[in-house]
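For clarity, every value in this text was computed on a predicted model and none was experimentally measured.
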Amino acid sequence: MLDRRYIVEQAEAVKTNCQQRGVDADVDRLVELELRRRPLQQQREELNRRANEVSKSIGKAKDQEEREARKEEGRQLREQAGAVSEELQSLETEIDQLQRGIPNMSHAEAPVGDESASRELRLGKTPVPKFDFQPRDHVELAEALDILDLEGGAHVAGHGFYFLKNEGVLLDLALQRFALDVAMEAGFAPTVTPDLARNETLHGVGYIPRGPETQIYSIADSDLSLIATAEITLGGLYAGQTLESDQLPLRVAGISHCFRTEAGAGGRAARGLYRVHQFTKVELFAFTLPEASDAMHDELLSIECQIFDALGVPYRVIDTATGDLGGPAYRKFDLEAWMPGRGERGEYGEITSTSNCTDYQARRLDIRFRTKGEKGTKLVHTLNGTAVAISRALIAILENNQQADGSVVVPEVLRKWVGRDVLSPPESKPRS
RNA sequence: GGAUGGGUGGCCGAGUGGUCUAAGGCGGCAGUCUUGAAAACUGCUGAGUCCGCAAGGGCUCCGGGGGUUCGAAUCCCUCCCCAUCCGCCA
């Protein structure tokens with residue numbers, strides 16, 4: 001969330017920002033409540049101060065009579081302080097709710113407007129393939145290759161679940177391993193994170209575990225939820241901590257399963273692996289000094305580009321428009337891969353996303369840093385980015401690397417783990 | 001899952017109702033001594049937040065939340081976490 005003082009002092013800028021992001025937030029109301037809250041807080045502190053004084057004097061009281069009189073005085077002061085506290089508490093609750101609804105400020109260069117204003121920054125190294133045949137979509141390809149079983153997934157868990165089979169599994173593991181190698185090379189510490197987290201942690205990172213719009217599966221009779229991304233566990237891991245400035249930047253790569261209800265995705269629910277309830281993802285996460293987050297954001301983006309250039313996937317880089325930014329993001333770059341089987345004649349589809357959340361997440365998670373020789377602490381900046389989300393990467397690889405006979409060329413960097421250069425439909429496989 | 005013992009500042013650790021303004025140690029910073037360093041000695045050394053131009057002062061914080069009391073690190077309830085033992089188990 002944003003700093004409360006900042007909201008009060010820069011109310012106009014905050015309002016403009018909300019407008020540009022298409023967020024309906026009552027900034028005026030928040031400012032009004034906050035300005036009402038402050039004097040009350042001072043009032044309570046003054047009452048506490050006097051009560052503390054009285055309490056201390058009781059220990060030193062001369063006689064029983066004086067003791068009793070001071071006790072009564074203390075009782076009354078505490079009672080008054082209690083009453084002020086209650087008023088304060090109800091204001092606090094409302095302010096907090098309003099504050100949570102206000103998105104992060106936006107980067108000066110982020111394009112302003114709705115989704116259509118998003119700007120294409122550049123293209124990846126791999127050109128969009130030209131086929132002299134009618135390209136198939138990934139569902140058709142994968143089922144013919146016998147590497148994906150959507151029906152099986154639906155059979156045991158419902159629509160949106162799937163089995164990966166045979167080389168599909170090898171591709172999955174190869175993608176994880178390849179992305180992890182690139183991340184480690186760039187200094188990211190590899191982790192496998194829990195796939196569940198406390199609801200408190202979800203809130204800290206900015207996810208809402210329950211409610212009609214939620215993307216989150218929650219576990220009945222517990223305060224746990226299935227995570228939608230390792231961003232949740234990686235951010236939560238450092239919640240409440242104060243890091244040393246010379247530890248920063250801190251780079252962590254987390255492998256996890258990701259679970260999404262896709263509630264409200266309704267009609268947009270795409271075919272095959274595009275919008276699924278569970279997938280595996282290697283996520284990059286970084287904690288930086290405030291002045292270093294823009295550079296780290298570029299670094300995350302360049303790692304994503306490096307990965308998909310190496311995989312031979314054609315993509316474009318999108319500088320996401322303000323209206324399409326998630327609440328915590330200050331700026332967001334997406335990689336959209338060319339998917340020849342998507343839509344009528346192929347379409348771009350999002351495969352990675354990297355956000356600079358500045359201090360917005362850190363404030364709620366209370367992740368700070370201290371600099372040697374300086375007093376006090378400051379909030380770190382947090383950033384996240386997709387190294388590889390397996391299901392969508394599979395779509396891009398299968399559809400771009402397909403050949404006329406329905407076979408698929410395995411990206412060179414994955415071959416050592418997949419164990420073959422080309423995947424062919426079983427019918428045309430030579431019998432062994 | 002059951003039993004027991006724990007959770008205190010950057011770290012270790014004392015503290016079982018009132019100078020806790022949290023002992024002591026380690027670490028860190030500054031100084032003295034020294035050609036320099038080390039050692040020794042001396043002093044300083046938490047965070048958040050509010051008021052204030054500042055100097056300074058207040059409030060809150062001893063795992064989280066709630067309670068008892070004029071007063072809680074200390075007593076009570078509850079949750080979380082850690083350790084050990086038992087049970088179960090890949």
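Applying the salt bridge (Lys or Arg N to Asp or Glu O under 4.0 Å) test to Arg37(A) and every residue at least two apart in sequence or in another chain returns Glu34(A), Glu92(A). Residues passing the side chain to side chain contact (heavy atoms under 4.5 Å, CB included) test with Ala393(A), sequence neighbours excluded: Leu175(A), Phe308(A), Val388(A). Under the side chain to side chain contact (heavy atoms under 4.5 Å, CB included) criterion, Asp223(A) pairs with Arg198(A), Asn199(A), not counting sequence neighbours. By the side chain to side chain contact (heavy atoms under 4.5 Å, CB included) test, Glu68(A) is found to be paired with Gln64(A), Lys71(A), residues two or more places apart in sequence or in another chain being considered. In this structure Thr261(A) satisfies the side chain to side chain contact (heavy atoms under 4.5 Å, CB included) test together with Gln215(A), Tyr217(A), Ala263(A), sequence neighbours excluded. In this view, Lys165(A) and Asp146(A) satisfy the side chain to side chain donor-acceptor pair (under 3.5 Å) rule, not counting sequence neighbours. Here Asn48(A) pairs with nothing under the side chain to side chain donor-acceptor pair (under 3.5 Å) rule; sequence neighbours left out.
Separating the P atom of U68(B) from that of G10(B) is a span of 31 Å, rounded to the nearest Å. As rounded to the nearest Å, U21(B) and A72(B) have P atoms that lie 11 Å from one another. Using C1' as the reference atom, U4(B) and G58(B) are 44 Å apart when rounded to the nearest Å. Rounded to whole Å, the separation between the C1' atoms of U35(B) and G43(B) comes to 26 Å. Across C62(B) and G17(B), the matching C1' atoms stand 16 Å from one another, rounded to whole Å. Here, U84(B) and C29(B) have their P atoms 35 Å apart, quoted to the whole Å. Using atom C1' as the reference point in both U45(B) and G2(B), the two lie 46 Å apart (nearest Å). G71(B) and C61(B) have their P atoms separated by 13 Å, given to the nearest Å.
Across the strands present, U69(B) finds no partner; the criterion is a Watson-Crick or G-U wobble pair with both atom distances under 3.5 angstrom. The nucleotide A30(B) finds its pairing partner in U42(B), both defining distances of the Watson-Crick or G-U wobble pair being shorter than 3.5 Å. A 3.5 Å limit on both hydrogen-bonding distances identifies no Watson-Crick or G-U partner for A22(B). A 3.5 Å limit on both hydrogen-bonding distances identifies G58(B) as the Watson-Crick or G-U partner of U49(B).
Using a cut-off of 4.0 Å between Lys/Arg side-chain N and Asp/Glu carboxylate O, Glu94(A) and Arg29(A) are scored as salt-bridged. By the 4.0 Å N-to-carboxylate-O rule, Lys15(A) lies close enough to Asp28(A) to be salt-bridged with it.
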Contact list (N/O, under 3.5 angstrom) for nucleotides 49-51 of chain B vs protein:
none

Check the interface with nucleotides 61-64 of chain B: list each N/O to N/O pair with the protein under 3.5 Å, or write none.
none

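No option in Asn17(A), Thr322(A), Thr320(A) other than Asn17(A) meets the side-chain hydrogen bond (donor to acceptor under 3.5 Å, both in side chains) test with Ser106(A).
Nearest-nucleotide positions on RNA chain B place Gly376(A) closer to the 5' end than the other of Arg75(A) and Gly376(A). Nearest-nucleotide positions on RNA chain B place Thr377(A) closer to the 5' end than the other of Glu72(A) and Thr377(A).
Residues Ser85(A) and Arg44(A) bring a donor and an acceptor atom of their side chains to less than 3.5 Å of each other. A side-chain N or O of Gln41(A) and one of Glu45(A) form a donor-acceptor pair less than 3.5 Å apart.
Put simply, CZ on Arg370(A) is 12 Å from P on G9(B), counting in whole angstrom units. Rounded to an integer number of Å, the gap from Gln89(A) CD to G65(B) P is 11 Å. As a whole-Å value, the separation of Glu92(A) CD from G65(B) P is 13 Å. C70(B) atom C1' lies 17 Å from atom CD of Glu65(A), rounded to whole Å. In this structure, the CG atom of Leu77(A) is 15 Å from the C1' atom of U69(B), given to the nearest Å. When the P atom of U69(B) is taken as reference, atom CZ of Arg67(A) falls 18 Å away, rounded to whole Å. As rounded to whole Å, 15 Å separates atom C1' of U60(B) from atom CG of Leu47(A). If you measure from atom CD of Gln80(A) to atom P of C70(B), you get 15 Å, rounded to the nearest angstrom.
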Given the rule in the side chain to side chain contact (heavy atoms under 4.5 Å, CB included) test, do Leu335(A) and Leu301(A) qualify, once you have shown the distances and angles that lead to the verdict? CA-CA 9 Å; Leu335(A) 257 59; Leu301(A) 176 60; 3.6 Å; yes
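Of the residues in residues 196-206 of chain A, those with a non-hydrogen atom less than 4.0 angstrom from any atom of RNA chain B are Arg198(A). Only Asn48(A), Arg49(A), Asn52(A), Ser55(A), listed by number, bring a heavy atom of residues 48-55 of chain A to less than 4.0 angstrom from any atom of RNA chain B.
In plain terms, the two heavy atoms of Gln402(A) and Val408(A) that are nearest each other are CA-CG2, 4.1 Å.
Side-chain nitrogen and oxygen atoms of Thr242(A) include none within less than 4.0 Å of the OP1 or OP2 phosphate oxygen of A47(B).
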Taking only distance into account, with no hydrogens and no angle test, what donor-acceptor pairs under 3.5 Å do side-chain atoms of residues 186-194 of chain A form with protein atoms, sequence neighbours excluded?
residue	atom	partner	partner atom	Å
Thr191(A)	OG1	Ala253(A)	O	2.9
Thr193(A)	OG1	Thr233(A)	OG1	2.8

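Under the 6.0 Å distance and 45° angle rule, Arg251(A) does not count as a cation-pi partner of Phe285(A).
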